[in-house]
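The first residue in the sequence is number 1, and the count goes up from there. Remember, it's a predicted structure, so these values are computed and weren't measured experimentally.
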Amino acid sequence: MAPFLVLFLAGVVAASRGDREPVYRDCVTLCERNNCTGSRLTDFRAEQPLYMRVTGWTCLDDCRYQCMWYTVSLYLKEGHEVPQFHGKWPFSRFLFFQEPASALASFLNGVASLLMLLRYRSSVPSSCQMYRTCLAFSMVSVNAWFWSTIFHTRDTALTEKMDYFCASSVILHSIYLCCMR
């Protein structure tokens, strides 16, 4: 019975309110047609800052970003709540950081985890019973914060999966650590 319910609900799932909005869709279509083909695409690439190119921002990505904020402004002007786009709340991009505050927080958590890993290695003898288990947990944590920083810097299908997979590995390793302790 459960598999049938999942299949039924899968057909009901729809896009976020923002990306279903005709104003947003028309804006993206028009922007892509006007800016992302032929000589205008060449102009976009020539004018695009190096840091945006290196982090993989495309003309279509830029159209989606600009149209998202255009749609948000219309929603706010009409007194509506800010909608989600592609399953996420809109964030103001800073340089190439898609979610600057989240990226900074993830980076700082990663630095703290790395510093604690180094402190642990220098102060706990390797002959201790839980040494390798705790060391592995620290490495898993540093890796998870690394991918969280990357994901919040540039949200792609790969970075999202790596962020969620690595966060899950921290949870699973925490459970393992508790059981071993």
Side-chain angles (χ1 to χ4, degrees), residues 5-113 141-171:
L5 181 62
V6 170
L7 288 174
F8 172 74
L9 291 176
V12 178
V13 173
S16 299
R17 189 171 85 181
D19 41 290
R20 283 192 319 247
E21 180 64 49
V23 171
Y24 173 77
R25 293 172 143 209
D26 292 345
C27 178
V28 171
T29 301
L30 186 64
C31 179
E32 186 178 18
R33 188 178 330 128
N34 291 340
N35 300 314
C36 301
T37 56
S39 65
R40 294 209 176 147
L41 178 59
T42 305
D43 294 342
F44 170 82
R45 289 180 179 152
E47 294 170 10
Q48 186 183 32
L50 178 63
Y51 59 83
M52 295 293 278
R53 267 183 275 152
V54 168
T55 52
W57 286 94
T58 65
C59 185
L60 179 59
D61 292 331
D62 202 55
C63 283
R64 288 180 179 151
Y65 180 78
Q66 300 302 329
C67 292
M68 174 187 70
W69 285 111
Y70 172 71
T71 306
V72 166
S73 71
L74 292 177
Y75 265 71
L76 293 175
K77 185 178 174 184
E78 297 293 323
H80 300 291
E81 292 181 7
V82 174
Q84 286 187 332
F85 292 84
H86 306 286
K88 295 173 176 63
W89 295 106
F91 284 92
S92 292
R93 185 173 65 197
F94 175 71
L95 297 175
F96 56 86
F97 293 99
Q98 195 162 345
E99 300 174 20
S102 299
L104 178 62
S106 295
F107 176 75
L108 292 175
N109 277 318
V111 168
S113 294
S141 295
V142 168
N143 184 56
W145 288 118
F146 169 80
W147 281 106
S148 179
T149 302
I150 299 299
F151 168 67
H152 291 296
T153 299
R154 180 71 173 101
D155 181 356
T156 65
L158 173 67
T159 60
E160 182 177 31
K161 285 175 180 60
M162 291 304 294
D163 178 40
Y164 294 162
F165 175 76
C166 291
S168 298
S169 69
V170 170
I171 294 167

Between Cys67 and Val28 the two heavy atoms that sit nearest each other are SG-N, 3.4 Å
If you define the side chain from C-beta out and look only at heavy atoms, does anything of Phe44 sit under 4.5 Å from Asn35?
no
All side chain to side chain donor-acceptor pair (under 3.5 Å) counterparts of Gln98, not counting sequence neighbours:
none
Leu104 side, atom CG; His152 side, atom NE2 - distance, nearest 0.5 Å:
11.5 Å
Quick one about Asp61 and Thr58 (side-chain donor to acceptor, distance below 3.5 Å, no hydrogens or angles considered), yes or no?
yes
Which residues pass the ring-ring contact (aromatic ring centres under 6.0 Å, His included) test with Phe107, not counting sequence neighbours?
none
CZ on Arg64 to CH2 on Trp57, rounded to 0.5 Å
10.5 Å
Using every non-hydrogen atom in the two residues, find where Val170 and Ser141 come nearest and quote the distance to one decimal.
CG2-CA, 4.0 Å
Looking at Cys63 and Cys31, are the sulfur gammas closer than 2.5 Å to each other?
yes
Test item: Ser106 side-chain N/O and Ala103 main-chain N/O as donor-acceptor pair under 3.5 Å:
no
Working to the nearest 0.5 angstrom, can you tell me the gap between Glu78 CD and Ser73 OG?
10.0 Å
Compare every heavy atom of Trp145 with every heavy atom of Ser113, then report the nearest pair and how far apart it is.
OG-CD1, 3.4 Å
Pairwise distance CG(Leu41) to CG(Asn34) - rounded to 0.5 angstrom:
12.5 Å
Arg40 atom CZ, neighbour heavy-atom count above 12 within 6.0 Å:
no
Measure the shortest side-chain to side-chain distance between Leu30 and Arg33 over non-hydrogen atoms and say whether it is less than 4.5 angstrom.
yes
Residue pair Tyr24 / Met68, side-chain heavy-atom distance below 4.5 Å:
yes
Return the CZ to CG distance between Arg53 and Leu50, rounded to the nearest 0.5 Å.
5.5 Å
Closest heavy-atom pair and its distance - Arg154, Thr159
O-OG1, 2.8 Å
Can you confirm whether Thr149 sits close enough to Phe146 that some side-chain heavy atom of one is under 4.5 Å from a side-chain heavy atom of the other?
no
Check: Phe151 and Tyr164 side chains under 4.5 Å, non-hydrogen atoms
yes
Side-chain contact, heavy-atom cut-off 4.5 Å: Ile150 with Asp163?
no
